[in-house]
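Here the structure comes first, spelled out in structure tokens, and everything after it is commentary.
Just so you know, these numbers use all the heavy atoms, side chains as well, and skip hydrogens, waters and symmetry mates.
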Amino acid sequence: EAGVAQSPRYKIIEKRQSVAFWCNPISGHATLYWYQQILGQGPKLLIQFQNNGVVDDSQLPKDRFSAERLKGVDSTLKIQPAKLEDSAVYLCASSSGRAAGYTFGSGTRLTVV
Amino acid sequence: GNSVTQMEGPVTLSEEAFLTINCTYTATGYPSLFWYVQYPGEGLQLLLKATKADDKGSNKGFEATYRKETTSFHLEKGSVQVSDSAVYFCALIGSGGGADGLTFGKGTHLIIQP
């Protein structure tokens, strides 16, 4: 089966600019996650969707980050305005259920200068 | 809240050495436990998992046993290879509710020298 697709692979922006990341999960996977992985740290969950509804966004900095999953398939994560500390790899993952496991995309590496 | 603590790296070993990477966790109830691996330039891959106490997960010669009494899930391999060089992450999913995102440790960078 095709994996989790993410784009772009790399993005460099200046602080205070906006940026958007896109994720296409594995076909049929109802649950989609966005994680932030800062260099030298483990991934941190930002938001979890079940179909097109939000299950958990407790760690999403809502003053600057937003995410949507229209029609319960693709998802976009947006940062506006970006700060230097947002430099990280943004990972998307999808799952068909807790017992089935999770598949991660290759991520988008964001550098804010 | 949930948390995972794993040994700091980098860990440097010679080929064919025995490997242990320690992982302990804090969580209520009975979480599911995972080890993920990230090879250079690649994405996160599931290495092994265990979903209940005393379960042993295994894959590619790696093993880890879910120890409820010590809240641990240490990763072991009897004879490492250069190709095992990667970053290893211990992670858990809490046992309750619909929110089931992974909580990760900080990762352990493993370097195997020939």
Side-chain angles (χ1 to χ4, degrees), chain A residues 2-7 9-10 21 23-26 29-51 53-60 67 69 75 77 88-109, chain B residues 1-10 21 23-27 29-52 55 57 59 73 75 86-110:
Chain A
V4 175
Q6 291 189 246
S7 67
R9 286 299 307 273
Y10 305 93
F21 314 126
C23 173
N24 180 235
I26 291 175
H29 280 194
T31 312
L32 184 147
Y33 311 81
W34 282 101
Y35 289 83
Q36 179 193 57
Q37 185 176 15
I38 293 173
L39 185 65
Q41 298 183 20
K44 182 183 82 171
L45 179 68
L46 293 176
I47 189 167
Q48 175 187 346
F49 291 96
Q50 181 76 19
N51 296 309
V54 175
V55 175
D56 181 7
D57 63 357
S58 57
Q59 299 189 90
L60 186 74
R69 191 183 183 197
S75 177
L77 176 69
V89 176
Y90 290 85
L91 296 166
C92 180
S94 70
S95 171
S96 59
R98 180 188 292 244
Y102 304 73
T103 303
F104 283 83
S106 297
T108 296
R109 182 177 297 278
Chain B
N2 298 332
S3 67
V4 174
T5 303
Q6 58 183 110
M7 61 191 296
E8 297 284 329
I21 300 178
C23 171
T24 58
Y25 67 88
T26 300
Y30 295 87
S32 296
L33 303 175
F34 304 80
W35 277 99
Y36 278 83
V37 59
Q38 192 168 37
Y39 297 103
E42 298 185 16
L44 279 166
Q45 301 175 26
L46 177 64
L47 181 59
L48 53 84
K49 67 178 181 180
T51 58
K52 61 183 188 293
D55 268 3
N59 186 25
F73 193 54
L75 182 68
V87 181
Y88 292 80
F89 293 93
C90 186
L92 68 82
I93 301 172
S95 57
D100 57 4
L102 289 155
T103 297
F104 285 88
K106 291 186 176 182
T108 302
H109 187 192
L110 176 65

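Within a 6.0 Å sphere centred on OH of B:Tyr30, heavy atoms belonging to other residues, nucleotides or ligands number 12 at most.
For the pair A:Pro43/B:Tyr36, no side-chain contact is recorded, criterion being any heavy-atom separation below 4.5 Å from C-beta on.
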For the pair A:Phe104 and B:Gln38, evaluate side chain to side chain contact (heavy atoms under 4.5 Å, CB included) and give the outcome as yes or no after the intermediate values. CA-CA 11 Å; A:Phe104 283 83; B:Gln38 192 168 37; over 6 Å; no
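The two residues A:Gln41 and B:Phe89 make their nearest non-hydrogen contact at O-CE2, 3.9 Å.
Panel note: side chain A:Tyr35, backbone B:Leu102; a donor-acceptor pair is recorded below 3.5 Å.
For the set B:Val4, B:Thr103, B:Leu46, B:Leu44, the count of heavy-atom pairs under 4.5 angstrom toward chain A peaks at B:Leu44.
Residue contact with chain B, scored on non-hydrogen atoms closer than 4.5 Å, involves the side chain of A:Leu91 exclusively.
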